[in-house]
There are 2 protein chains.
Amino acid sequence: MAATIKDIARRTGLGLATISKYLNGGHVLPQNQAAIEEAVRALDYKVNEAARTLKTRRTGYVGLVLPALTNSFIMEIVQQIQLDLRACGFGTALCCSAPGTDSIRRQTELEAIDFVLKKGVDGIINLPQNEDGVHLLKPLEMGIPVTLIDKQIPELADRISSVMIDNVGAARTAADELLNAGHRNILALFHGETNYTGRRRAEGFMDALRQRGYPVDPDRIIYMGTTSSASSLDLIREKIRQFRPTAIFAANFGLTSRTLEALEAEGLRVPSDVSVVGFDGVGVNDGYGVKLWSVMQPTVQIGSAAAQIMSEQITAAAQGNPLPPQVRTLQAQLLPGNSVRII
Amino acid sequence: MAATIKDIARRTGLGLATISKYLNGGHVLPQNQAAIEEAVRALDYKVNEAARTLKTRRTGYVGLVLPALTNSFIMEIVQQIQLDLRACGFGTALCCSAPGTDSIRRQTELEAIDFVLKKGVDGIINLPQNEDGVHLLKPLEMGIPVTLIDKQIPELADRISSVMIDNVGAARTAADELLNAGHRNILALFHGETNYTGRRRAEGFMDALRQRGYPVDPDRIIYMGTTSSASSLDLIREKIRQFRPTAIFAANFGLTSRTLEALEAEGLRVPSDVSVVGFDGVGVNDGYGVKLWSVMQPTVQIGSAAAQIMSEQITAAAQGNPLPPQVRTLQAQLLPGNSVRII
DNA sequence: CCTCCACAGCGAAACGTTTCGATGTACATA
DNA sequence: TATGTACATCGAAACGTTTCGCTGTGGAGG
């Protein structure tokens with residue numbers, strides 16, 4: 001049987017309250033501190049987190065609610081979040097929505113939130129599937145702080161924190177690269193039109209065109225919507241055949257992968273036939289001679305920022321003066337490759 | 001303030017013990033069952049997990065201790081483990097060792113184990129870094145069941161469960177593919193010589209050669225040891241120059257990536273110059289025309305099996321009759337590509 | 001009719017912590 | 001000397017569950 005605070009009290013002759021106070025960072029007489037530490041070592045005392053949680057209503061866990069763990073971008077963030085939360089003493093309760101269609105994903109995201117809530121967490125970090133944030137109403141109502149990563153939910157912007165890159169700027173820089181190389185017939189691929197991130201990146205892309213006085217052809221701005229990965233591959237191939245673009249900008253991880261597949265299927269080579277700027281490091285390292293230009297999100301910083309905000313919110317709330325939500329915007333970086341031909 | 005079991009008791013007029021019994025699956029009179037359910041709904045009662053844990057010493061969490069989340073192979077397993085554990089009512093406490101050298105990884109794995117132990121978990125699923133299993137002694141001593149994935153630790157084989165593929169068979173199949181295509185000068189790359197998985201795959205590879213009466217050239221069997229990814233790239237390039245192999249077998253995810261980089265750097269093409277069989281789906285989907293033959297591990301099944309074993313062990317132990325450790329071996333599958341030239 | 005058993009239900013005592021309000025001490029100030 | 005203050009310590013009462021051992025009831029078996 002593990003040692004308890006009572007055993008420490010018995011061994012040191014001190015009261016429970018004193019031990020507890022010291023264990024929680026309070027100040028006690030030097031000789032008592034020494035006695036307590038000796039007893040802790042001798043008895044191999046570990047504080048019982050369950051009892052502490054019961055009393056304080058703090059679990060020391062943060063729920064990390066994500067869509068499927070599908071790409072390196074998410075993974076790197078997850079890893080960093082976990083490391084930083086741990087450094088702050090928080091455990092990370094991982095909870096992914098189930099794979100399937102978008103509608104299933106949205107549904108299971110609600111279940112994922114419910115699950116972490118049932119288990120008990122002090123806060124939630126979320127990469128949302130439900131664009132409207134319905135799934136976050138319950139935690140918010142319960143006073144549990146929420147931090148979003150990668151996306152923003154405008155309806156709830158004043159109640160939740162978020163960490164994102166400057167999507168507009170990132171897309172603008174990517175577009176500039178293609179425009180500087182002389183490309184005018186550019187196919188631009190974005191996620192669904194209702195998708196916050198996708199819309200912002202599309203804005204940035206169009207900004208770049210407009211800034212130079214080039215026309216924006218809405219037909220060449222493709223929103224993938226909620227199509228499956230197979231059908232979006234078909235859509236991309238179709239658009240390639242239709243417009244014969246000299247360049248393609250793919251505005252996220254999946255779209256970049258599918259663009260490469262589509263070009264391969266159409267028998268087109270990068271960059272000789274079509275130039276490409278992609279996202280999130282797809283095709284940057286695969287050893288086939290073509291190294292894609294790629295918008296790289298600072299995953300470590302995103303993860304660290306999310307963990308830090310979360311930790312601050314929780315500790316502030318625990319002391320009774322909850323912090324207002326924070327929004328942090330980081331800069332992405334355009335990593336050079338050899339996938340853009342100058343024309 | 002959330003409703004408690006006492007509120008249910010007051011509302012229904014029943015005793016605490018009765019409510020608790022019903023909530024834990026016990027049998028009560030039909031009318032009481034109805035009354036309890038009504039009250040639970042009306043008061044929006046949720047059982048307080050902390051109180052339950054305090055009393056039962058079960059936390060409902062499984063610690064998932066991993067090396068860095070670096071590749072899709074691990075991710076898919078993690079995802080599946082998480083889904084299946086959740087279906088059994090368990091939370092997943094993710095805990096990764098910190099990135100860095102192998103020695104740092106081993107050290108931080110100990111810290112990761114300590115952390116989940118401190119937080120309190122009912123079991124641990126682990127992809128070990130420490131080949132000797134030192135990090136698992138403490139949980140084992142505490143009576144916390146451990147399940148390994150991907151690797152095995154012979155010293156502890158009788159005390160912990162594990163889920164792996166048939167590494168020998170998988171490597172043998174891969175080698176057969178190259179041998180059938182007529183290759184004799186094959187470079188074979190494995191992880192460190194002390195690495196259980198690496199050794200088994202090397203055995204399988206050599207088996208295939210011997211079975212056909214071909215000589216095994218130990219110089220062409222490369223163990224990477226604990227080299228960094230940059231220096232192992234150099235090593236591969238050096239060996240390629242030295243032996244001018246017609247084919248390469250790369251026996252894990254990282255080695256396959258580095259093999260492709262090395263070939264690219266050496267100006268060699270797949271499969272015209274060198275044939276390749278890789279591992280874990282690297283190079284299977286990148287849209288450059290070359291699709292690698294690849295040993296695919298059944299990640300979903302591995303994850304499900306690990307979760308299932310864990311759940312069984314925990315529930316059995318909770319009822320006082322702990323189960324003996326289980327070892328489950330699954331079959332990998334050789335996925336065809338176009339990276340092997342017949343000579 | 002009596003005994004016995006199975007079964008619901010019950011109260012109370014834990015589980016190990018935190019925290020409130022009170023007590024005691026030492027020391028500075030008037 | 002009397003008074004006030006700061007501070008370390010303390011006991012006891014929670015927090016919300018599970019579970020042990022008991023009581024009461026209804027019905028089967030003799």
Side-chain angles (χ1 to χ4, degrees), chain A residues 1-37 39-40 43-61 89 117-120 122 142 315 317-320, chain B residues 1-37 39-40 43-61 89 117-120 122 142 315 317-320:
Chain A
M1 194 62 33
T4 80
I5 220 175
K6 277 186 197 150
D7 299 319
I8 306 280
R10 235 190 318 272
R11 188 175 230 263
T12 58
L14 294 167
L16 271 54
T18 307
I19 320 281
S20 175
K21 182 184 179 190
Y22 174 67
L23 255 24
N24 288 290
H27 190 265
V28 300
L29 291 183
Q31 77 246 31
N32 291 338
Q33 160 168 358
I36 294 176
E37 295 212 321
V40 165
L43 303 175
D44 190 32
Y45 170 80
K46 297 277 187 310
V47 32
N48 181 320
E49 296 284 343
R52 173 177 282 178
T53 297
L54 176 58
K55 194 63 191 162
T56 63
R57 337 195 73 93
R58 272 175 282 130
T59 62
Y61 270 103
L117 251 28
K118 194 186 73 174
K119 278 286 160 198
D122 298 340
M142 296 168 70
T315 39
Q319 283 155 14
Chain B
M1 192 64 31
T4 79
I5 221 176
K6 277 185 196 152
D7 299 318
I8 307 280
R10 235 189 319 270
R11 189 175 228 264
T12 57
L14 295 168
L16 270 54
T18 308
I19 320 279
S20 175
K21 181 183 178 190
Y22 173 66
L23 254 25
N24 288 292
H27 191 266
V28 300
L29 290 184
Q31 77 245 30
N32 291 338
Q33 160 167 357
I36 294 175
E37 295 213 321
V40 165
L43 302 176
D44 189 32
Y45 169 81
K46 299 278 188 307
V47 31
N48 180 319
E49 296 284 344
R52 175 176 282 179
T53 297
L54 176 58
K55 194 62 191 162
T56 63
R57 336 196 76 93
R58 271 175 282 131
T59 62
Y61 271 104
L117 251 26
K118 193 185 75 174
K119 277 287 162 198
D122 298 340
M142 296 168 69
T315 39
Q319 284 156 13

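Hydrogens, waters and symmetry mates play no part in the numbers below; they use all other heavy atoms, side chains included. Per chain, numbering begins at 1; letters A, B, ... match sequence-line order.
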With side-chain contact (heavy atoms from CB on, under 4.5 Å) as the criterion, how do A:Asn48 and B:Leu54 come out once you've worked through the C-alpha distance, each side chain's angles and the decisive distance to 0.1 Å?
CA-CA 8 Å; A:Asn48 181 320; B:Leu54 176 58; 4.1 Å; yes

How would you label the contact of B:Thr56 with the nucleic acid (heavy atoms, under 4.0 Å): base, sugar-phosphate, or nothing?
sugar-phosphate

Phosphate-side-chain proximity, B:Ser20 and D:dT18, N/O vs OP1/OP2 below 4.0 Å
yes

From CZ of A:Arg58 across to C1' of D:dC15 the rounded distance in Å is 13 Å

Looking at every heavy atom in both A:Lys119 and B:Gly60, which two are closest together, and how far apart are they?
NZ-O, 3.1 Å

Which of the following nucleotides, C:dT17, D:dC15, D:dC10, is nearest to the side chain of A:Ile5?
C:dT17

Atom-to-atom span, CG of A:Leu16 to C1' of D:dA14 - whole angstrom
13 Å

Can you tell me which nucleotide in D:dT17, D:dC10, C:dT18 comes closest to the side chain of B:Ala51?
D:dT17

Grab the CG-C1' distance between A:Asn24 and C:dT19 for me, whole Å please.
10 Å

To the nearest 0.5 Å, what is the distance between OG1 (A:Thr18) and CD (A:Gln33)?
13.0 Å

Hey, what do you get for CD1 (A:Ile8) to OH (A:Tyr22), rounding to the nearest 0.5 Å?
11.0 Å

Applying a 4.0 Å non-hydrogen cut-off, can you work out what B:Tyr22 is touching in the nucleic acid: base, sugar-phosphate, or nothing?
nothing

dist A:Ile5:CD1 -> A:Leu14:CG (nearest 0.5 Å) comes out at 11.0 Å

Atom NZ of B:Lys6 and atom P of C:dA12: how far apart are they, to the nearest Å?
12 Å

Shortest side-chain distance from A:Arg57, nucleotide among C:dC10, D:dC15, C:dT17:
D:dC15

Supply the atom-to-atom distance A:Lys46 NZ to B:Leu117 CG, rounded to the nearest 0.5 angstrom.
8.5 Å

Mind checking B:Gly13 for me? I need base, sugar-phosphate or nothing, with any heavy atom below 4.0 Å counting as a touch.
sugar-phosphate

Please state how far atom NZ in B:Lys55 lies from atom C1' in C:dT17, giving the value in whole angstrom units.
14 Å

Closest listed nucleotide, where the reference is the side chain of A:Ala17 and the choices are D:dT18, D:dG11, C:dG11:
D:dG11

Detail all sub-3.5 Å separations between protein N/O atoms and N/O atoms belonging to nucleotides 5-8 of chain C.
residue: C:dA8; atom: OP1; partner: B:His27; partner atom: ND1; Å: 3.3

To the side chain of A:Thr4, which of D:dC10, D:dT18, C:dT17 is closest?
C:dT17

Atom-to-atom span, CG of A:Leu14 to P of C:dG24 - whole angstrom:
18 Å

CG of A:Leu54 versus C1' of D:dA13: gap in Å, rounded?
13 Å

Quick one: which of A:Ile19, A:Ile36, A:Asp7, A:Leu23 gives a side chain to side chain contact (heavy atoms under 4.5 Å, CB included) with A:Tyr45?
A:Leu23

Measure from CG on A:Leu23 to C1' on D:dA8 and round the result to the nearest Å.
16 Å

